[in-house]
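Notes follow once the structure below has been shown.
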Amino acid sequence: MIKVDFLGPIQKPSLELEINNLNELATILQEDKELNEWLENCAVAVNDNLVSSLEHPLKDGDKVSLLPPVCGG
Amino acid sequence: MLYLYDGPLPVSDILKEWYEEEATSNYGAFIPFVGTVRSEDDIDGLSFDIYEPILNSWFEAWKIKAQKKGAIIKMAHSKGDVMLHESSYIAAVFSPKRRVALEFIDEFVEDFKASAPIWKYDLKDGERIYALDRSTAIKGSGILGAKG
């Protein structure tokens, strides 16, 4: 099971999904119209490390986080 | 040396503490940057969410960069609400000579703005409104989108 967390201003509860890579996650999340704009501007972390490829493999127990645009300070 | 506070930063206390911590460390330069909430667009204040695991690893990487230049970096940031004329952010560099510290604080604050996982909201008329137009997408964003 993969846990998916939506951070910061994305007001959405976490999901638990049976998926093997980020490509499968993209397909699932793109079906949610409310998420479409967020998907275009969010960074993605797996187990708190930012990733840059949808080919990134996922294994049972991994945590995926979506990080919207940031503005500290 | 990353410090997170609930609400506004006690700026005088933090600067005094940092100054005294390094008073005999033989650094010739101490360059702090303090970010204060300004009155604009009728806001009552700002509010912040922080994702600490990634903020911590981002900061650790900058600590190592500072070490390589013989410098140290310290940072404090607020969580939650910070009202007008209160401060939410302090970054400071200590280094043997001023040039390294001046350049390093600039690089550090720029990357902080672009990469640190902190989300800002305007507090206005009792609402907490995400400041999307002032925010920056982290490098590599958008891979999950249809255009990704």
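Predicted, not measured: the structure shown is a model, and the values here were computed from it. Protein chains get the first letters and strands the later ones, always in sequence-line order, with residue 1 at the start of each.
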Treating Ile, Leu, Val, Met, Phe, Trp and Tyr as nodes and any side-chain heavy-atom pair under 4.5 angstrom as an edge, say whether B/I129 and B/L132 lie in one connected cluster. no
What distance separates A/L50 CG from B/I143 CD1, expressed to the nearest 0.5 Å? 9.5 Å
B/Y19, OH: over 12 other non-hydrogen atoms inside 6.0 angstrom: no
Residue-level contacts of residues 70-86 of chain B with chain A, using a heavy-atom cutoff under 4.5 Å: B/H77
Connected via hydrophobic side-chain network under 4.5 Å: B/I105 and B/L2: yes
When the aromatic ring centroids of A/W38 and B/Y130 are compared, is their separation below 6.0 Å? yes
CG-CG distance between B/L55 and A/D48, expressed to the nearest 0.5 angstrom: 11.5 Å
Among residues 7-16 of chain A, which ones touch chain B with a heavy-atom distance under 4.5 Å? A/L7, A/G8, A/P9
With a 6.0 Å cut-off (strictly less than), is the heavy-atom count around CZ of B/R98, excluding the residue itself, greater than 12? no
Would you find more than 12 non-hydrogen atoms of other residues, nucleotides or ligands less than 6.0 Å from A/E37 atom CD? no
Any chain of hydrophobic side-chain contacts (each under 4.5 Å) joining B/Y89 to B/L123? no
Does anything in residues 20-51 of chain B get under 4.5 Å of chain A by heavy atoms, and if so which residues? B/F48, B/D49, B/Y51
How about B/K124: does its NZ atom have over 12 heavy atoms from other parts shown lying under 6.0 Å from it? yes
Looking at B/A91, B/A131, B/P53, B/G140, which one has more heavy-atom pairs under 4.5 Å with chain A than the rest? B/P53
Listed by number, the residues in residues 56-73 of chain A that come under 4.5 Å of chain B (heavy atom to heavy atom) are A/K63, A/S65, A/L66, A/L67, A/P68, A/P69, A/V70, A/C71, A/G72, A/G73
Proximal component of B/T136, with respect to chain A [non-hydrogen, under 4.5 Å]: both
Side chain, backbone, both or neither: which part of B/A114 has a non-hydrogen atom closer than 4.5 Å to chain A? backbone
Please determine whether residues B/L4 and B/V109 belong to a single hydrophobic cluster, defined as Ile, Leu, Val, Met, Phe, Trp and Tyr linked transitively by side-chain heavy-atom distances below 4.5 Å. yes
Using the rule that two of Ile, Leu, Val, Met, Phe, Trp, Tyr join whenever any of their side-chain heavy atoms come within less than 4.5 Å, decide whether A/V46 and A/L39 are in one cluster. yes
Interatomic spacing from CG in B/L144 to CD in A/E40 - rounded to 0.5 Å: 9.5 Å
